[in-house]
Amino acid sequence: MNYWLVKSEPSTWSWDQQVARGAKGEAWTGVRNHAAKLNMMRMKKGDRAFFYHSNEGKEIVGIAEIIKEHYPDPTDASGKFVCVDIKAEKPLKSPVTLELLKHDRRFAKMALIKLSRLSVQPVTADEWKAICKLGGL
DNA sequence: GCCAACGTTGGC
DNA sequence: GCCAACGTTGGC
């Protein structure tokens with residue numbers, strides 16, 4: 001299984017809204033960046049992704065599961081970009097903030113720290129485990 | 001195909 | 001609200 005991190009501004013699409021969608025999940029649309037697109041194309045059904053709130057909160061709030069692999073983004077008229085479907089799996093017991101990650105050397109290589117604008121990014125198994133632990137899981 | 005101008009993201 | 005980083009666009 002591979003691990004990922006996806007970002008959303010809570011004012012646009014929040015973890016609570018994701019949870020409210022339940023098992024049917026929601027299409028993760030609107031990504032218009034090729035690096036992020038390539039990451040989405042590498043996602044497999046059953047992969048897990050951290051759900052990060054950018055701008056407001058700036059913290060990882062939950063874990064989502066990829067339930068449908070990439071297909072053309074219906075919100076993209078050009079047809080060049082893709083989306084995947086994800087569903088909320090479970091929240092972190094305590095959110096893990098960007099502040100915390102920045103001050104822990106284990107996460108210094110994460111795209112979240114180094115490439116702050118990349119909205120869909122890979123997470124290593126080690127990073128995944130460490131963040132789950134920090135989040136109380 | 002280069003590069004300046006411009007737009008967007010997202011932390012601060 | 002500012003600005004750094006970085007992606008995209010368009011003139012040449």
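Below, read A as the first sequence line, B as the second, and so on, with proteins coming before strands; counting in each chain starts at 1.
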Taking [atom1] from [X] and [atom2] from [N], how many angstroms apart are they, rounded to a whole number?
X       : N       : atom1 : atom2 : answer
K7(A)   : dG10(B) : NZ    : C1'   : 7 Å
E9(A)   : dT8(B)  : CD    : P     : 13 Å
K58(A)  : dT9(B)  : NZ    : P     : 17 Å
N39(A)  : dG7(C)  : CG    : P     : 13 Å
L38(A)  : dG7(C)  : CG    : P     : 12 Å
I113(A) : dA5(C)  : CD1   : P     : 15 Å
W13(A)  : dT9(B)  : CH2   : P     : 18 Å
H34(A)  : dT9(C)  : NE2   : C1'   : 12 Å

Within the pair Y52(A) and dG11(B), is there a side-chain N or O less than 4.0 Å away from OP1 or OP2?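 So the side chain of Y52(A) is within the cut-off, an N or O lying under 4.0 Å from OP1 or OP2 of dG11(B).
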Has H53(A) got a side-chain N or O lying under 4.0 Å from the OP1 or OP2 atom of dG10(B)?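 No, no such contact exists.
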From dC6(C), dG11(B), dG10(B), pick the nucleotide closest to the side chain of S119(A)?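 Shortest atom-to-atom distance from the side chain points to dG10(B).
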Nearest to the side chain of N33(A), which nucleotide is it out of dC6(C), dG7(C), dG10(B)?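 Selected nucleotide: dG7(C).
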Salt-bridge contact R32(A)-D73(A) (side-chain N to carboxylate O under 4.0 Å):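 Answer for the salt bridge query: yes.
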Taking the basic N atoms (NZ, or NE/NH1/NH2) and the acidic carboxylate oxygens, is any pair closer than 4.0 Å for K45(A) and E69(A)?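 Answer for the salt bridge query: no.
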Student check: side-chain heavy atoms of N2(A) and M43(A) closer than 4.5 Å: no
Does any N or O donor sit under 3.5 Å from an N or O acceptor when you compare the side chain of R32(A) with the base of dT8(B)? no
Can you tell me how the ring of W15(A) sits relative to the ring of F51(A), calling it parallel under 30°, perpendicular over 60° and tilted otherwise?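 It falls in the perpendicular class, over 60°.
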